[in-house]
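Reviewing the structure listed below.
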Amino acid sequence: MLQISYIRENKEKVIEALQKRGFREIEKIEELIRLDESKRSIQSQSDIIASQANTAAKQVGELMRAGKREEAEAIKTNSSNYKEQIKAFAEDIAELDQKIHDILVIIPNIPHESVPAGLTAEENEVVFQYGEDPDLSQEALPHWELTSKYDIIDFELGTKIAGAGFPVYKGKGAKLQRALINFFLDEAEKAGYIEVQPPIVINEASGFGTGQLPDKEGQMYFIGQDNLFLIPTAEVPVTNIYRDSIVKEADFPIKHCAYTPCFRREAGSYGAHVRGLNRLHQFDKVELVQITHPDQSYQTLEEMSSYVQTLLKKLGLKYRVLRLCGGDMGFTSALTYDMEVWSAAQKRWLEVSSVSNFETFQSNRLKVRFKDENGKMQLAHTLNGSALALPRIVAAILENFQTENGVRVPEALQAYTRFEFID
RNA sequence: GGAGAGAUGCCUGAGUGGCCGAAAGGAACAGUUUGCUAAACUGUCGUACUGGAAACGGUACCGAGGGUUCGAAUCCCUCUCUCUCCGCCA
């Protein structure tokens, strides 16, 4: 959520930036500023009345103590209508506040200046590409055939138990998952991230803090009886650790990693491109979260991006890095890099990580602040990135490393799987 | 699920109608002392909005929302959360 004071002081800049994103309701900005102006005007009128009421009340107290009963009574009768006036002002202010809030929550973050213009995924900018196309035979199979050939992931069984998009991992498939999780967590620890195990359900305040609510509740599974949501990503519970807190400047950067399952309803996305592991309702992911000083956040973003790339290199996967264009970025992000791996049998790029700087967009909602060197409160910057999401990594490993004798496990993982081939 | 207790500033904790934006201690920050560290001493030390060039003011906030009153951290109502005991249980 943008700060109203920032919008007020940088109106043109905000409008221009939102146009880059393809935000349609630009006129809302003007409306917002009008509402804010009248709110502040009413507020100061109300403050004057309140000040008078306070003075009168204080006088009554003093007169009573001095034993001057009648004078006190006189002021009392004069004071009785202050309350009504203040109440009337308060009602107007509450109404305006609500309107202001309703607009603020639909305004997306302002894109960083390096974000390319563009509205669709085609306009994302490829900033880096690494690795070779694996040399596969004509008979190379897509991963959903390999999983049943080696009996490591059973999609139908998951459908029976829960529904489509909830696969059952079996035998070496389950072990591969466990190996990847441990590999990712160990690497993150080496890179200085402190591991946490958060709840995998969140309340409404947490969902609001990181920007999933309001608006995206349709993407999350809702447990109505207890008013909780299953997490769509560990970003939500991990970042919310710091909600309503004042962090020490010396503690920057705060670095956490977390493994969690993630749940997404993915309502309305079906078809050939979501086959197999490409898009699931439940999947595993190791997530990185950082909270930094505003001056450091873009440097941190680059570090997170290169960290994620080292993981892909260690796994021997061909990948590319995209800088998302304004229209393709998430609502809360100021700058996002997507990492995509090449899935050789499908001949498709699969997104396996998304690394974003949210600047103060989340911290303004979360109220994550620190005291700067001048003793002033400032909002911290929040960032996060997947490192990594498992299913598409599994898909790429299966497809890219398939041989006649089975699927060769990447060397970096063998210490974790304790087998070299899936066969 | 049943019964009870509680929610105050970064933390602990006092405060039952006006002199309370809030005692005290701790932490933190600055200074004095010190060979260094520690200790001691002195001072500073809430947030948000708002007026002002600044100095310095105004308003709001003691879990949330209502109410009583000239006046509420303090009294009343509702809600939320936390803790303790009992029950159940991985």
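Worth saying up front: this structure is predicted, and the values here are computed from it rather than measured. Chain letters run A, B, ... following the sequence lines, proteins first and then strands; every chain starts at 1. Both backbone and side-chain heavy atoms feed into the values below; hydrogens, waters and symmetry mates do not.
Taking side-chain N and O atoms only, A:R8 has a distance below 4.0 Å to OP1 or OP2 of B:rU50. An OP1 or OP2 oxygen of B:rC49 is reached within less than 4.0 angstrom by no side-chain nitrogen or oxygen of A:K39.
For the pair A:V352 and A:L312, the minimum side-chain heavy-atom distance is below 4.5 Å.
For A:R243, the side chain to side chain donor-acceptor pair (under 3.5 Å) criterion is met by A:S206, A:N240, not counting sequence neighbours. Listed by chain and residue number, nothing satisfies the side chain to side chain donor-acceptor pair (under 3.5 Å) test with A:T239 (two or more places apart in sequence, or in another chain). For A:E399, the side chain to side chain donor-acceptor pair (under 3.5 Å) partners are A:H143, A:S343, A:Q346, not counting sequence neighbours. With sequence neighbours left out, A:E187 forms a side chain to side chain donor-acceptor pair (under 3.5 Å) with A:K190, A:K314.
Consecutive pairing runs in RNA chain B reach the stem threshold at B:1-7 with B:80-86, B:10-12 with B:24-26, B:28-32 with B:40-44, B:46-51 with B:56-61, B:63-67 with B:75-79, where a stem means at least three Watson-Crick or G-U wobble pairs with distances under 3.5 Å.
Between the CD1 atom of A:I4 and the P atom of B:rU50 there is a distance of 10 Å, rounded to whole Å. One can place CE of A:M377 at 10 Å from P of B:rG46, the figure rounded to the nearest angstrom. The nearest whole Å value for the distance from the NZ atom in A:K376 to the C1' atom in B:rG46 is 15 Å. Rounding to whole angstrom units, CD of residue A:E9 and P of B:rC49 are separated by 10 Å. To the nearest angstrom, C1' of B:rC81 lies 14 Å from CG of A:N227. In this structure, A:F89 atom CZ and B:rC49 atom C1' are separated by 16 Å, rounded to whole Å. If you take CD of A:Q59 and P of B:rG18, they are 18 Å apart, rounded to a whole angstrom. Distance, A:D244 CG to B:rA48 P: 13 Å, rounded to whole Å.
By the 4.0 Å N-to-carboxylate-O rule, A:E73 lies close enough to A:K76 to be salt-bridged with it.
Taking atom P in both B:rA48 and B:rA24, the straight-line distance is 24 Å, to the nearest Å. The C1' atoms of B:rC61 and B:rG4 are separated by 30 Å, rounded to the nearest whole Å. Nucleotides B:rC10 and B:rC62 have their P atoms positioned 13 Å apart, rounded to a whole Å. Taking atom P in both B:rA38 and B:rC29, the straight-line distance is 11 Å, to the nearest Å. Across the P atoms, B:rG13 and B:rG6 are found 14 Å apart, a figure rounded to whole Å. Only the C1' atoms considered, B:rA14 is 30 Å distant from B:rG31, to the nearest whole Å.
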Side chains of residues 385-398 of chain A: which donor-acceptor pairs under 3.5 Å do they make with residues two or more places apart or in other chains?
{"unit_1": "A:S386", "atom_1": "OG", "unit_2": "A:S354", "atom_2": "N", "d": "3.1"}
{"unit_1": "A:R392", "atom_1": "NE", "unit_2": "A:N278", "atom_2": "O", "d": "2.7"}
{"unit_1": "A:R392", "atom_1": "NH1", "unit_2": "A:E351", "atom_2": "O", "d": "2.7"}
{"unit_1": "A:R392", "atom_1": "NH2", "unit_2": "A:N278", "atom_2": "O", "d": "2.8"}

Quiz: residues 247-254 of chain A side-chain donor-acceptor pairs under 3.5 angstrom, not counting sequence neighbours:
{"unit_1": "A:E249", "atom_1": "OE2", "unit_2": "A:H293", "atom_2": "NE2", "d": "3.4"}

Please table the atom pairs, donor to acceptor, closer than 3.5 Å between any side-chain atom in residues 85-99 of chain A and protein atoms at least two apart or in another chain.
{"unit_1": "A:D97", "atom_1": "OD1", "unit_2": "A:K39", "atom_2": "NZ", "d": "3.1"}
{"unit_1": "A:Q98", "atom_1": "NE2", "unit_2": "A:D102", "atom_2": "OD1", "d": "2.9"}

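If you find the closest nucleotide of RNA chain B to A:S44 and to A:I246, the one lying nearer the 5' end belongs to A:I246.
Within the structure, no pair that satisfies the salt bridge (Lys or Arg N to Asp or Glu O under 4.0 Å) test touches residues 191-218 of chain A, not counting sequence neighbours. Within the structure, every pair that satisfies the salt bridge (Lys or Arg N to Asp or Glu O under 4.0 Å) test and touches residues 19-30 of chain A, not counting sequence neighbours, is listed here: A:K11-A:E30.
At a cut-off of 3.5 Å, with distance as the only test, a side-chain donor of A:Q362 or A:T382 sits close to an acceptor on the other residue.
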With the criterion being N/O to N/O and under 3.5 Å, what pairs connect the protein with nucleotides 27-29 of chain B, and how long is each?
none

Heavy-atom protein contacts under 4.0 Å, nucleotides 55-71 of chain B, coded B base, S sugar-phosphate only, - none: ---BSS------SSBBS

